[in-house]
Amino acid sequence: MGIARAHAIKGINSTLASNGQVQLERAVNWCLSNPDTTAAPATSSSAASAVPFKSQDVQNVMAMGFSRAHAENGLRLKRGNVQDAALWCAMNPDPGSGDQKSNSASSSAKPSRGSASKTKSGRHIVPDTAEQQRKRREEFKALEEEYEAELARLKLKSAKISIKTTSEFKQGSKSSSIQAAMKRKNDSQKLAAIARQKQAAKESEARKMKEMQGRVRKRKEAESKLGGLDGALQHFQQSYDIDRVREVLTLISKITRRIIKNPDEPKFRRIKLSNAKVQRALVRPLGPMVAMRALGFCEKENGDVLVLDKPDRSVLSSGLNKIESYLNRGATIIPADFKEAESKGASLESILFAAKELRRILASIADLPGSVPLRSLSTEKGGIYSERFAKHPALVRSLKSLGFEPKQGGQYVRMDSPDVAVLRDAVADLDREIAKRTPTTGVSRSLAKLLALQGKEKASFVVDKSRVCLSRIQRNPVERRYWTVDLGRLFKDTAVLAEARILFSGFGFAVDKSHVANWGGSDTHGLVLALAHLNEAWKASLLASVR
């Protein structure tokens, strides 16, 4: 572009970016906007030969208010394009416009190159002296050295930036490698933990298997000591309570009877040991499995089933007789006596109250067998014996079977030598009788019927009035006016009245045709039992209605 090297270096240094990057276009603009005062001015012919443009184009740009030098610089930079040159001149002010007059004056007063001769273009060319040329060369050399130093500085800065970037990259790579190593370490730790868990599970399974094998071995050793069917049944009866014995022996008896009745039916000869009831009755207690093997059963399918391949009727019949003999051993005659008393006209309530009283007496004696007062029952009128048992011969027979005998001319009965085992069996029988008879009494059925047909409000009214009548007599048993209850006046509704008659009959009252209930006046303890039974039956009826 006709710019001297030293001037170009100056333009580059003046327009360097902050990061050291060379901006060529800005450097050229700076060189064109700041004329080189050290170099010899190029003639218009040489400038025109460098970048050709028409004089008319210069005039067109100058017509827009720009100086000739500024217009020529713009046309030279934009390769003769008038519009681009004018735009460049507008965007880049002419730096020499303010100093043009002073420069021209100083140049006319003191020419820099001695005497000047005028060229065709009107500019004077003054030849340099040797001293001036030497100084200019020194200046050029100094500028070159400055340029080289600046270029070295820029290269050093660029190298530092490159080193920093490389170090950052290396640091990032190192961080990535550290993260990868930590991930590998975590993965290996997880795998090791999983392996340890698997090993622990395997060891636990092996330990459980070993313990199971030990239990099976001990169980087989214990079963081998029992011997045959008799030894198994005897050990089982001695080791478990009467309820458990009856449950297990009843199941074995039932299975045996079915096989004897249907020996060709395979389903009766195959028992799944995984069944919950079979597990409780046959597998867990010691003895029943020995009894089953004595009857001909054997374990198959990895011990999951009991199978009787070839039933022997004689073996089964003999085993059934032994099982039933042990099943009946230890049982009392109380259930049979209670059933006989019921068949001979005793009310369900009276049998229930007798069962509750007898259960309380026998449990107390079993807990303290040495206490004589607990083992003695007075036979006087109004006492427990006369009111609960003496009215029913079957119940008196039950007391005798348990060991109660009359003493001192029949003034009381006493148990001289209590057998605690027999007493506990009797208590178990009485518990079953009480549980079986409680929901079947007239009081329980009447309350359930009232609640279902008349609703809770009317049923609650009947229960409350009954409680008041019983409690009033219980508090003042000598007040005879409380002994009579006019049910017809108390309960107007016919349906309610019918159920009230049943309720008061169950409480021990005598109810006549005119719906008047009369209490006998002697059985005060029966009122306590009646009130307790009323509350129990009412609670059970409410729970049943909710379900």
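When a residue number appears, it is its place in the shown sequence, counting from 1.
Taken from OG in Ser376 to CD in Gln408, the straight-line distance is 9.5 Å, to the nearest 0.5 Å. Ile434 CD1 to Arg432 CZ: the interatomic distance, rounded to the nearest 0.5 Å, is 11.5 Å. With values rounded to the nearest 0.5 angstrom, Leu358 atom CG is found 8.5 Å from Leu395 atom CG. A distance of 5.0 Å separates CZ in Phe389 from CG in Leu399, rounded to the nearest 0.5 Å. Between the NZ atom of Lys513 and the CZ atom of Arg501 there is a distance of 10.0 Å, given to the nearest 0.5 Å.
Comment: Asp304 does not engage Lys272 in a salt bridge, judged by the lack of any side-chain N to carboxylate O separation of less than 4.0 angstrom. Salt-bridge annotation for Arg184 and Asp187: absent, with no side-chain N of the basic residue lying under 4.0 Å from a carboxylate O of the acidic one. Checked for salt-bridge contact, Glu433 and Lys436 meet the test: a charged N lies under 4.0 Å from a carboxylate O. A salt bridge is absent between Arg269 and Asp309: the closest approach of a Lys/Arg side-chain nitrogen to an acidic carboxylate oxygen does not fall below 4.0 angstrom. Between Lys391 and Glu387, at least one side-chain N (NZ, or NE/NH1/NH2) sits under 4.0 Å from a carboxylate O, which counts as a salt bridge. Under 4.0 Å is where a charged nitrogen must lie from a carboxylate oxygen, and between Lys339 and Asp337 no such pair does. Taking a cutoff of 4.0 Å between a charged side-chain nitrogen and a carboxylate oxygen, Glu342 and Arg437 qualify as a salt bridge. At a threshold of 4.0 Å, the pair Arg293-Glu299 counts as salt-bridged, since one of the basic side-chain nitrogens sits closer than that to a carboxylate oxygen. Arg397 and Glu340 are joined by a salt bridge, as a carboxylate oxygen and a charged side-chain nitrogen come within less than 4.0 angstrom of each other. Ion pairing of Glu223 with Lys218 is absent here, as no side-chain N (NZ or NE/NH1/NH2) approaches a carboxylate O to less than 4.0 Å. The residues Lys449 and Glu499 are annotated as salt-bridged, a charged nitrogen and a carboxylate oxygen being separated by less than 4.0 angstrom. We find that Arg270 and Glu301 are joined by a salt bridge, their nearest charged nitrogen and carboxylate oxygen being less than 4.0 Å apart.
When atom types are taken as modelled, the side chain of Ser204 and the backbone of Ala201 share no donor-acceptor pair closer than 3.5 angstrom. Formation of a donor-acceptor pair under 3.5 Å by the Ser545 side chain with backbone atoms of Leu542 is found in this model. Side-chain atoms of Ser386 never come within 3.5 Å of backbone atoms of Thr379 as a donor-acceptor pair (strictly under, hydrogens ignored). Side chain of Asn476 to backbone of Glu479: no donor-acceptor contact under 3.5 angstrom is found. Between the side chain of Arg313 and the backbone N or O of Ile260 there is at least one donor-acceptor pair closer than 3.5 Å. Between the side chain of Asp512 and the backbone N or O of Ser514 there is at least one donor-acceptor pair closer than 3.5 Å. Not one N or O on the side chain of Glu265 forms a donor-acceptor pair closer than 3.5 Å with the backbone of Ile259. Side-chain N or O atoms of Ser318 include none that pairs as donor or acceptor with a backbone N or O of Ser314 at under 3.5 Å. In terms of modelled atom types and a separation under 3.5 Å, the side chain of Ser446 and the main chain of Gly442 share a donor-acceptor contact. Side-chain atoms of Ser350 never come within 3.5 Å of backbone atoms of Ala346 as a donor-acceptor pair (strictly under, hydrogens ignored).
Within 6.0 Å of atom NZ in Lys407, more than 12 heavy atoms from other residues, nucleotides or ligands are found, so the atom counts as buried in its surroundings. By the 6.0 Å contact criterion, CZ on Arg480 is open, its count of non-hydrogen atoms from other residues, nucleotides or ligands being 12 or less. At most 12 non-hydrogen atoms from other residues, nucleotides or ligands lie less than 6.0 angstrom from CZ of Arg258. Residue-environment remark: CD (Glu457) stays at or below the threshold of 12 foreign heavy atoms within 6.0 Å.
At a cut-off of 3.5 Å, with distance as the only test, a side-chain donor of Glu357 or His525 sits close to an acceptor on the other residue.
The only option from Leu374, Asp425, Val422, Leu430 that meets the side chain to side chain contact (heavy atoms under 4.5 Å, CB included) definition with Leu362 turns out to be Leu430.
Listed here is the closest heavy atom pair of Val443 and Ala537: CG1-CB, 4.3 Å.
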- Passes salt bridge (Lys or Arg N to Asp or Glu O under 4.0 Å), Lys356 versus Glu536? Steps please. CA-CA 13 Å; Lys356 288 185 175 181; Glu536 184 181 359; 3.2 Å; yes

- Decide yes or no on side chain to side chain donor-acceptor pair (under 3.5 Å) for Ser253 and Thr256, but give the supporting numbers first. CA-CA 5 Å; Ser253 175; Thr256 308; over 6 Å; no

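The aromatic rings of Phe507 and Phe504 sit perpendicular to each other, their planes meeting at more than 60°, with 30° as the lower class boundary.
When side chains are defined from C-beta on, His533 counts as touching Thr438, because their heavy atoms get closer than 4.5 Å.
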